[in-house]
Amino acid sequence: MKLVIAEKPSVAKAIAPVIGATTQKGGYIEGNGYYVSWCYGHLVRLFMPDDYCEAWAAKQWTFQMLPMLPDVWKFEVASNCKEQFDTLKRLMHDSSVSEIICATDADREGECIFRYVYYLAGCKKPFKRLWVSSLEESAIRDGFAKMQTGSAYDSLYQAGFCRSKADWLVGMNGSRLFSIRYHSRLNLGRVQTPTLAMIVQRDYDVAHFIKQKYFTVVLDCGTFTAESERIDDKCKAAALVQVCSGQTAVLSVLKKEIKTDNPPKLYDLTTLQRDANKHFGYTAKQTLDALQALYEAKLTTYPRTDSQYLTDDMEQTAADMVGRVFAKYPQFGQQQTIHVQQCINNRKVTGHHAILPTVKITDANLSLLPTTQQNVLCLIAARLVLATAEPHRYEAVHATIRCAETDFTATGKTVKEAGWRVLEANTNAAIRSKASDEEQDAAKPKALPDLAQGQTFSNTTASAAEHWTSPPRPYTEATLLSAMERAGNDEYDDNTEKKGLGTPATRAGIIEGLVKAEYIQRKGKQITATEKGVNLIAVVPDEVKSPKLTAEWEMQLQQIEHGQADAAAFMGKITAYVRDLCAKYAEKDSTVSFHRQSESIGKCPHCGGEIKKGQYGYYCTKKCGMFLAKVYGKVLTDNQLIRLLSGKETSYTVNGRKTIVLPEAIEHTYNGKTCWQWKTRKG
């Protein structure tokens, strides 16, 4: 028998019928010489500090317990996964099992999920690696035909294990160190804290931006206008207007150049998350969740990829897929000449190729998908037809007009070959995104009339235009993802593998972690730091919040993954960093407080005490027993609660029955205890 271990049940159920395993058992599927079982994501994880020794488990954290540096890294089974782990362990040690196949997600984290289980179970049997980028039957069959021995992926595992250990060492030690130092539970992370630092810095730049007025002079030449360079002095601008008005201008320099605007590249995860945020307002996690569901439904290829290219052997498959997309999405327009070759670059495809729709979309009823999945799939399909379309070519014209010894500039362009821009108008309409329309309007060409060098324009008129410098914009999920991806890239050329904060697979989780810790907040599409986040960045040292340092570590992890760097050397650097950090900041500091007193939002209807918001919701400061959060099990929103505290009624509807909530208290028994809650009446 052969034992196949997938990352989750849904993937196991996709693999099992392909290899003939059809009999459902407890925790696995059996048939045709195979057992197919599964993990539940990170079924096995690293020990928490408290599990290692009594000193690290002390309720009172002290500087003396730091740094925490495990001599031997230990693993434990997640509390809710013990039964499935026992099933896997039993199957691994079953005498009938001669070979194990790792079929977890084909990336760094997936490799760790399998290896942690394999090692904790004490298994010594040989194993092979199934590496697929799609859960389609043909892709799975091809993957089984091309499996390699597990040792071929040892470097991938080492990179993943190093990432886990580095995050543990920096996060656990840093969090305890600065929690002790500042008398408050703080949460630091190897990637999380530098990401927060970028958000805090952007907020500071926005808040402290001083806008400046400047002017340009616009010269009307009859059939077009030309504009001067920036002029900071209003009087100088007015003087130039006066001296130019009524004068003859000469076209002193005329440059014409045919330019090519290549189609956009295929999607990797980060660029897809950016576009989904821009067009639909989806968070990075919402996009990743939708894409994961599409992958498990066999409608798209592997989601957690950092490549925007395909490999040579995919040329015909991709060309066929373009035809299927046009058939499925007739609103995209007519099929053009397909140029798959411009999407191919073997060197820029490492673990997985760019995200594509699969042939299953041909027969699938996409209208049955949740809206989020429909929109994400539409983006992916649209990107495929754009990426394989003809380039857009245009003539760019740059004219320099000389008047009163001053140069004025006019630019324009004339489309020669519309190429992919024609399809873009159709796909934008299909996506139905306001952002798409705005971008399309901005990209519309503005042509100049036929001009000749030396041409003169008599009796020109001039006017001054007033402008203001623009502040930087607060981060959105889209621009933050871009900033995370680019962090540390400035010092490397385009041929260097991507650096940045985190990986495409982890960035969504990093952002959500910052929100959950209340270090950042979402306001519409904008992401800004909270007071708590600002205070944290204000006190942690540069080496903890440095995007450059963290990006450099990420580069080293990628080098380990490709066998180009030594894992032990990397961990030596991390350990030395943590030792130095704990030695340098092992001293309490009372100059900063993280305990903010929240403002009152109203008076308690039972006792008149102040109502404030704490870590676990709103509460009465007199602790009188007034139950503010729910009305007979119905959770109140913040707006409903604030409305009640201002003396106004609110309401809610359950199963078509309306209940009016009144702004007064009534005695109530809850779990055998007397308390008070909001009075209600039938609507």
Side-chain angles (χ1 to χ4, degrees), residues 41-42 44-79 108-109 112-113 116 120 158-197 501-503 506 509-514 516-519 532-533 536-537 539-547 549-550 553-554 556-557 567-568 570-589 594:
H42 281 278
V44 173
R45 62 192 180 193
L46 295 179
F47 263 26
M48 295 297 286
D50 292 3
D51 300 322
Y52 275 100
C53 62
E54 187 176 340
W56 294 355
K59 291 183 178 180
Q60 183 67 37
W61 291 352
T62 65
F63 290 124
Q64 287 69 37
M65 68 170 57
L66 304 176
M68 300 179 293
L69 304 171
D71 293 326
V72 177
W73 291 91
K74 298 180 180 180
F75 302 100
E76 62 183 355
V77 180
S79 58
R108 193 189 287 174
E109 291 305 302
C112 284
I113 285 171
Y116 291 175
L120 186 60
Q158 287 298 328
F161 193 23
C162 282
R163 197 277 306 163
S164 295
K165 292 185 290 186
D167 285 352
W168 194 103
L169 289 172
V170 175
M172 298 299 178
N173 283 286
S175 295
R176 292 197 180 194
L177 174 66
F178 290 98
S179 293
I180 301 166
R181 181 173 170 83
Y182 294 107
H183 317 278
S184 180
R185 288 294 176 103
L186 303 177
N187 183 8
L188 276 71
R190 182 182 65 89
V191 180
Q192 175 181 295
T193 306
T195 301
L196 174 60
L501 295 176
T503 66
T506 62
I510 292 162
I511 295 171
E512 293 304 320
L514 287 168
K516 185 177 181 180
E518 298 183 343
Y519 289 140
K532 182 180 177 183
L536 178 64
I537 295 305
V539 300
V540 296
D542 289 343
E543 57 260 45
V544 175
K545 59 191 178 188
S546 167
L549 177 61
T550 305
W553 286 343
E554 195 62 47
Q556 292 175 31
L557 288 171
F570 172 79
M571 290 310 304
K573 293 178 183 178
I574 296 292
T575 300
Y577 167 84
V578 170
R579 286 186 187 277
D580 292 344
L581 196 68
C582 291
K584 190 174 180 180
Y585 297 98
E587 184 177 9
K588 293 192 175 183
D589 185 341
F594 286 87

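All values below were derived from every heavy atom in this structure, side-chain atoms included, with hydrogens, water molecules and symmetry-related copies excluded.
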- Message: Can a donor-acceptor pair be found, under 3.5 Å and without considering hydrogens, that links the side chain of Ser175 to the backbone of Gly171?
- Response: yes
- Nearest-0.5 Å distance that lies between atom CH2 in Trp168 and atom CG in Leu69: 8.0 Å
- Task: Take Arg108 and Thr503 through the side chain to side chain contact (heavy atoms under 4.5 Å, CB included) test and state the conclusion after the steps.
- Result: CA-CA 10 Å; Arg108 193 189 287 174; Thr503 66; 4.1 Å; yes
- Query: Any side-chain heavy atom of Val191 within less than 4.5 Å of one from Trp553?
  - Reply: no
- Message: Please find the pair of heavy atoms, one from Pro194 and one from Thr550, that lie closest to each other, and give the distance.
- Response: CG-OG1, 3.2 Å
- Query: Is the closest basic N to carboxylate O distance between Arg185 and Glu518 below 4.0 Å?
  - Reply: no
- Query: Is there side-chain contact between Thr193 and Ile537, with at least one heavy-atom pair below 4.5 Å?
  - Reply: yes
- Query: Hey, what do you get for CZ (Arg163) to SG (Cys112), rounding to the nearest 0.5 Å?
  - Reply: 7.0 Å
- Task: May I ask you to decide if Asn187's main-chain N or O and Tyr519's side chain share a donor-acceptor pair within less than 3.5 Å?
- Result: yes
- Message: Check whether Tyr577 reaches the backbone of Val170 with its side chain - one donor and one acceptor, N or O, closer than 3.5 Å.
- Response: no
- Pair Trp56 and Phe47, ring centroids less than 6.0 Å apart: no
- Would a distance-only check, ignoring hydrogens and angles, find a side-chain to backbone donor-acceptor pair under 3.5 Å from Arg181 to Glu587? yes
- Message: Taking the side chain as everything from C-beta on, heavy atoms only, tell me whether Val540 gets closer than 4.5 Å to Leu188.
- Response: yes
- Do Met65 and Pro49 touch side chain to side chain, with heavy atoms closer than 4.5 Å? no
- Query: Given Lys584 and Asp542, is the salt bridge (charged side-chain N to carboxylate O under 4.0 Å, His left out) satisfied, shown in steps?
  - Reply: CA-CA 13 Å; Lys584 190 174 180 180; Asp542 289 343; over 6 Å; no
- Item | Interatomic spacing from OG1 in Thr506 to CD1 in Ile511 - rounded to 0.5 Å | 10.0 Å
- Message: I need the minimum non-hydrogen distance between Tyr52 and Val72, along with the two atoms involved.
- Response: CE2-O, 3.5 Å
- Task: Measure the shortest side-chain to side-chain distance between Thr195 and Gln192 over non-hydrogen atoms and say whether it is less than 4.5 angstrom.
- Result: no
- In this structure, CG of Leu66 is separated from CE of Met172 (nearest 0.5 Å) by 12.5 Å
- Message: Has Ser184 got a side-chain atom pairing as donor or acceptor with Ser179's backbone, closer than 3.5 angstrom?
- Response: no
- Message: Tell me every residue that passes side chain to side chain donor-acceptor pair (under 3.5 Å) with Arg190, counting only those two or more places apart in sequence or in another chain.
- Response: Asp167
- Task: May I ask you to test the Leu196-Lys545 pair for a side-chain heavy-atom distance under 4.5 Å?
- Result: no
- Query: Is there side-chain contact between Val77 and Tyr116, with heavy atoms separated by less than 4.5 Å?
  - Reply: no
- Query: How long is the gap from CG on Leu186 to NZ on Lys532, to the nearest 0.5 Å?
  - Reply: 7.5 Å
- Could you label the plane-to-plane angle of the Phe161 and Trp73 rings as parallel, tilted or perpendicular, counting under 30° as parallel and over 60° as perpendicular? perpendicular
- Message: As an exercise, state the distance from CG of Asn173 to CG of Leu581, rounded to the nearest 0.5 Å.
- Response: 8.5 Å
- Glu554/Leu501 under side chain to side chain contact (heavy atoms under 4.5 Å, CB included): CA gap, chis, key distance, verdict: CA-CA 7 Å; Glu554 195 62 47; Leu501 295 176; over 6 Å; no
- So do the side chains of Lys165 and Ile574 get within less than 4.5 Å of each other, counting heavy atoms only? no
- Query: Aromatic rings Phe178 and Tyr585: how do their planes relate, parallel, tilted or perpendicular, breaks at 30° and 60°?
  - Reply: tilted
